[in-house]
Amino acid sequence: MSSGAIDDLGFESRTFPPSTEFVATTHVADDSLYREGTANPDAYWERHARELVTWSTPWHTVCEWNLPFAKWFVGGELNVSFNCLDRHVLAGRGDRVAFYWEGEPGDTRTVTYKELLDETQKFANALLSLGVQKGDRVNIYLPMIPEAAVAMLACTRIGAAHSVVFGGFSAQALADRINDATAKVLITADGGWRRGEVFPLKPQADVALQDTPSIEHVVVVKRGGNDVAMQSGRDHWYHDLIAAANPMCPAEPMDAEQLLFLLYTSGTTGKPKGIMHTTGGYLTHVATTFKYVFDHQPDRDIFWCTADVGWVTGHSYIVYGPLANGATQVMYEGVPNFPANDRVWSLIEKYKVTIFYTAPTAIRTYMKWGTQEPQKHDLSSLRLLGSVGEPINPEAWMWYHEHIGHERCPIVDTWWQTETGGMMISPLPGATVTKPGSATRPLPGIGAEVVDESGTAITRGGGYLTLTHPWPGMLRGIWGDPKRYQETYWSRFPGRYFAGDGAKLDEDGYLWLLGRVDDVMNVSGHRISTTEVESALVSHPSVAEAAVVGANDATTGQAIIAYVTLRGGLTVDEHVLREHVAKEIGAIAKPKTVYFTPDLPKTRSGKIMRRLLRDVAEGRNLGDTTTLADASVVTELQRRASEHPAED
Ligand code: PRX
């Protein structure tokens, strides 16, 4: 069915209600929360702000909305580190484990809430001694070690805003982000472990620091053991600062709208945007969604989110959401295939993980590696699975359901963005009947609608995903650029937040995410989403992963070019895949050419970079490749394209 915006080539009809066993202990088994959230979103969020967050001063206004600028819990005061640490310790739960941390080489640390609080207080005092004041920005460039959480929490304790830069980013990317934020202090490590080797961080930071005039001090955590240069007066070892620090640092109450962090997101074009998040609304949003979407119960669950703290998922669902709920988590430093392809499953078995949250890109990689890897391990502790970051292809969903969840665990496909702060569209696992590949419905208290070109809401078919009213975790702006904030998110459809994603609605009102609208292809006048063609390809039993792009074509406007990665050991002919797509979703969506490739170009957070594949398909020089994780993947595809030009 076509609404003119994006075609709906829909084909998935399987449904999965939660099991009676799951429902028996769930927080939410019926529609009551949805009804409450729809009846009065402000009252819904206010109730949760009161129940899940501890405030030192109550707010006088729940939400002040001057489109497109929102303030939440106006007049309220709270401290985020108090909410994540002190209150659990004060309630007698200091011995509860916050993190079971495992380094890539296999070394381990167990960190309790009491220990995390002690270390955070000391490090907050260390930051104060380096001259960090409320309102200052602090940059963090660390591997996945507990000190990353300590550094973030210490900033929140004293009201400094952190800006975490993923440890895989280059010196230039780090320098740009430090300079945009004019950060005063950089917290880094000598290095971290990745793929069996130490990757240097401080040496990268040193390159960045040649061009970052705002940085006054650098704190270095010892982790990799690699040699590093320390500039006297500027650079300090973390362990020396901790050893010298006063152990008591009272949590200072912050205004609800105090800047909590900046997180840079590059989007598809242009200079990275410093997304601004503030204190009270953000914490309420992530604490509430963590509790309900993961159906979390602190005495029962061991939660593992595989994201890096350098991404918003790590901020919201490793640090703030879980710690506010007093969760016990697994934190892992390294890659999923060191020393072997079963590392993830071995960690689930070892720590008896009950809730596992990962990305479609990882799931498709595990599919490529084969079912024998998870079969080596006892995964019976798992009770719930989650997905985030890209549309999950129905077959990847089914693989996750069968081979990891053993048909027992609900899957929550959670749609959200760096900008939204927390989850927006997702099943509630005890209340929602799921469909493979659908993020289902907006969460309680969230308003989402699909609109057509003219901005009119539609009830069936494909269009543009918009958010209809403010939510507590929403971005408060782009650092230093309020005009860009307005233009990027609020100008295309007046009065609505435009997420940049396409989506379709089915006959039950379920939402199916269709990827970025910039990637939508135009074939003979049909607006076809990359997601639907990719999902059709992945539904072939030989295919693990696929990316499609529209390349200029004299006859059809654009022609669909597919890049396909096969499951371990399997082969299939190009024409078989073309016919498979035709059979699944229609001849119009049949790729003109299929290239087989062992890997696809991805961003460092694992999203497929279709823009680069378009450059390859159209024989252009590559555009900006700075966010590409492994440049050799595209070079190889370019080489092959030149040997085998797309034929008519
Ligand atoms: O395109 C959507 C996709 O990821 C974008 C947001 O990316 P980022 O800011 O890096 O945050 C990722 C972690 C929240 C969205 O605009 N996306 C994220 N989750 C999903 C998704 N697409 C489909 N389904 C999802 N569950």
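Here, residue 1 is the first one in the sequence, and each next residue gets the next number. Heavy atoms only: backbone and side chains are in, while hydrogens, waters and symmetry mates are out. Order of listing sets the numbers, starting from 1, for every ligand and every atom in it.
Between T313 and ligand 1, no pair of N/O atoms sits closer than 3.5 Å. Here's the thing with T265: none of its N/O atoms is less than 3.5 angstrom from an N/O atom of ligand 1.
Taking the centre and axis of the six-membered ring of F169, the NZ or CZ atom of R177 falls inside the cone set by 45° and 6.0 Å.
Counting protein heavy atoms only, atom 3 (C) of ligand 1 is closest to G389 O, 3.2 Å. Among all non-hydrogen protein atoms, the one lying nearest atom 5 (C) of ligand 1 is K607 NZ, 3.9 Å. For atom 24 (N) of ligand 1, the closest non-hydrogen atom on the protein side is E390 O, 3.3 Å. Protein heavy atom at the shortest distance from atom 23 (C) of ligand 1 is P391 N, 3.1 Å.
Here the straight-line distance linking atom CG of D506 with atom NZ of K435 works out to 3.5 Å at 0.5 Å rounding.
Side chain of T358 to backbone of A362: no donor-acceptor contact under 3.5 angstrom is found.
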Inset, instruction - Might you work through the ring-ring contact (aromatic ring centres under 6.0 Å, His included) test for F493 and Y464, ending with a clear yes or no? - result: CA-CA 10 Å; F493 302 110; Y464 304 94; 5.5 Å; yes

Inset, instruction - Apply the test ring-ring contact (aromatic ring centres under 6.0 Å, His included) to residues W471 and Y497: give CA-CA distance (whole Å), side-chain angles for both, the deciding distance (0.1 Å), then the verdict. - result: CA-CA 11 Å; W471 62 99; Y497 173 93; 5.4 Å; yes

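The pair E545-K602 meets the salt-bridge criterion, with a side-chain N (NZ, NE, NH1 or NH2) lying under 4.0 Å from an Asp/Glu carboxylate O. With respect to E449 and R496, a salt bridge is recorded, a charged nitrogen being found less than 4.0 Å from a carboxylate O.
The proximity of D501 to ligand 1, defined as any non-hydrogen pair under 4.0 Å, is limited to the side chain.
Centroid-to-centroid, the aromatic rings of F166 and W311 come within less than 6.0 Å.
Close contacts of ligand 1 with R516, meaning ligand atoms under 4.0 Å from a residue heavy atom, involve 1 (O), 16 (O). Heavy-atom contacts of W416 reach the following atoms of ligand 1: 6 (C), 14 (C), 15 (C), 18 (C), 19 (N) (cutoff under 4.0 Å). If you number the atoms of ligand 1 from 1 as listed, the ones under 4.0 Å from a heavy atom of T418 come out as 8 (P), 9 (O), 10 (O), 11 (O). Per-residue contacts place T414 under 4.0 angstrom from the following atoms of ligand 1 (heavy atoms of the residue considered): 19 (N), 20 (C), 25 (C), 26 (N).
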